[in-house]
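Data first, discussion second: the structure below is written as structure tokens.
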Number of protein chains: 2
Amino acid sequence: MVVRRQSKMRQVVYDTVVEHPVHPTAEYVYEKLKPQYPSLSLGTVYRNLGVLVEQGLIRKIESLDAADRFDGNMEPHSHVQCSVCGSLQDIFLSYDKGLDAAANRESGYAITEHNISFVGICPDCQRTQASD
Amino acid sequence: MVVRRQSKMRQVVYDTVVEHPVHPTAEYVYEKLKPQYPSLSLGTVYRNLGVLVEQGLIRKIESLDAADRFDGNMEPHSHVQCSVCGSLQDIFLSYDKGLDAAANRESGYAITEHNISFVGICPDCQRTQASD
DNA sequence: TTCTTATTAGTAATGATTATTATATCAAAT
DNA sequence: ATTTGATATAATAATCATTACTAATAAGAA
């Protein structure tokens, strides 16, 4: 295993992911930090996001978007994404081990995790559509 | 709405996705058809996969891989992907409307669908790992 | 058959991500 | 404190998947 240093840039990348209410993309983290760290490179952001995921400090999440998004909340939870505006929100549901057991029975795979993602229309877009 | 013609290439792209046991990528469909249709263009495969998804004849599925995969089975079902070799398999579970209701209570989003994806280790890779 | 328009092949362009490389920085051992 | 060996960085090039563009072709209605 590679010994990781506790570098400044990795710290601020981590902070940006954790502190941010939305689930930011690599590009977003870069744009956010660039003004304060003008020498920051996009490659550094990508590499550190990868290291942080590997360390289990953040996770990469599925999205309807093209770009990967990252989540600093390691408590197990799901996400809803709005099919109209793309907004993404957390959903906390208790982890259902029964699902894993059922999937194992069907497939023979040793299930290590499952992810539930929802698609829907956010409250704002519901209002907008209703008034059309 | 655009009027769609019934083109030869769209038909064979559809057939390839439906007939194939694994869930093929665009690249895979292209390689599969290229020998029989030497003039086939990768762009044509991508465009037709997109049209077929839009028409509800196939669906795009989530994957650990970089490339999108497609599924010709429109019966609602989930997938497991092996974290070791990447193999992908169908899992049929009854759709749980209770999940959508719970997600709606938590988020206020009008839920239109949910997807459950499993990660695990396939029987083959389990055997391989056991014998190491 | 003719006309309109979708479809195609071929290729260029884009966007996200990864790889490369030379330099800088850290941490431990001397 | 200096050296040493490794990781981290910035800058940039390269890659991979996907989309856009364009001129030629073909479906199918008139």
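First the proteins, then the strands, lettered A, B, ... as listed; each starts at 1.
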Is it true that B:Lys32 and B:Glu19 make a salt bridge, defined as a side-chain N closer than 4.0 Å to a carboxylate O?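 Looking at B:Glu19 together with B:Lys32, the answer is no, because their closest N to O distance does not fall below 4.0 Å.
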Before accepting this row, confirm whether a basic side-chain N of the pair A:Lys97/A:Asp100 lies closer than 4.0 Å to the acidic partner's carboxylate O.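 No, this pair does not count.
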Whether the side chain of A:Glu75 engages the backbone of A:Phe92 through a donor-acceptor N/O pair (distance < 3.5 Å, no angle test) should be reported.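 Pair absent, no side-chain N/O of A:Glu75 close to backbone of A:Phe92.
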Run the side-chain contact (heavy atoms from CB on, under 4.5 Å) test on B:His79 and B:Asp71 for me, step by step, so that the C-alpha distance in whole Å, both residues' side-chain angles and the decisive distance to 0.1 Å come before the verdict. CA-CA 10 Å; B:His79 297 99; B:Asp71 188 343; 2.9 Å; yes
Taking 4.0 Å as the cut-off, does a side-chain nitrogen or oxygen of [X] come that near to OP1 or OP2 on [N]?
X	N	value
B:Ser41	C:dG10	no
A:Arg47	C:dT18	no
B:Tyr46	D:dT18	yes
A:Thr44	D:dT9	no

Pairs under 3.5 angstrom, nitrogen or oxygen only, protein versus nucleotides 27-30 of chain D, please.
residue	atom	partner	partner atom	Å
D:dA27	N3	B:Arg5	NH2	3.4
D:dG28	OP1	B:Gln6	N	3.1

Find the distance [X]:[atom1] to [N]:[atom2] and express it as a whole number of Å.
X	N	atom1	atom2	result
A:Phe70	C:dA16	CZ	P	13 Å
A:Gln11	C:dC26	CD	C1'	16 Å
B:Gln55	C:dA6	CD	C1'	13 Å
B:Tyr28	D:dA17	OH	P	16 Å

On DNA chain C, nearest-nucleotide positions of A:Lys60 versus B:Leu42: which is more 5'?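 Of the two residues, B:Leu42 wins.
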To 10°, what angle do the rotation axes through the five end pairs on each side of the helix from C:dT1-D:dA30 to C:dT30-D:dA1 form?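 What I find for the helix from C:dT1-D:dA30 to C:dT30-D:dA1 is an axis angle of 30°.
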Taking any heavy-atom pair under 4.0 Å as a contact, classify A:Leu40: base, sugar-phosphate, or nothing.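 Sugar-phosphate contact only - A:Leu40 comes under 4.0 Å of backbone atoms but never of a base.
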Hydrophobic cluster partners of A:Phe118 (side-chain heavy atoms under 4.5 Å):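 When side chains under 4.5 Å apart are linked, the cluster holding A:Phe118 also contains A:Val80, A:Ile91, A:Leu93, A:Leu99, A:Tyr109, A:Ile111, A:Ile116, B:Val80, B:Ile91, B:Leu93, B:Leu99, B:Tyr109, B:Ile111, B:Ile116, B:Phe118.
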Report the hydrophobic cluster partners of B:Ile121, with the cluster defined as I, L, V, M, F, W, Y residues connected by side-chain heavy atoms closer than 4.5 angstrom, directly or transitively.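 Under the 4.5 Å side-chain rule, B:Ile121 groups with B:Val84.
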Of residues 31-39 of chain B, the positions that come close to DNA chain C - non-hydrogen atoms, cut-off under 4.0 Å: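 DNA chain C contact set from residues 31-39 of chain B: B:Ser39.
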Can you list, pair by pair, the side-chain donor-acceptor contacts under 3.5 Å of residues 24-31 of chain B, counting residues two or more places apart and other chains?
residue	atom	partner	partner atom	Å
B:Thr25	OG1	B:Tyr28	N	3.0
B:Tyr28	OH	B:His20	NE2	2.9
B:Tyr30	OH	B:Lys34	NZ	3.3

Starting from the C-alpha separation in whole Å, work towards a yes-or-no answer on side-chain contact (heavy atoms from CB on, under 4.5 Å) for B:His77 and A:Glu106. CA-CA 12 Å; B:His77 63 280; A:Glu106 275 243 10; over 6 Å; no
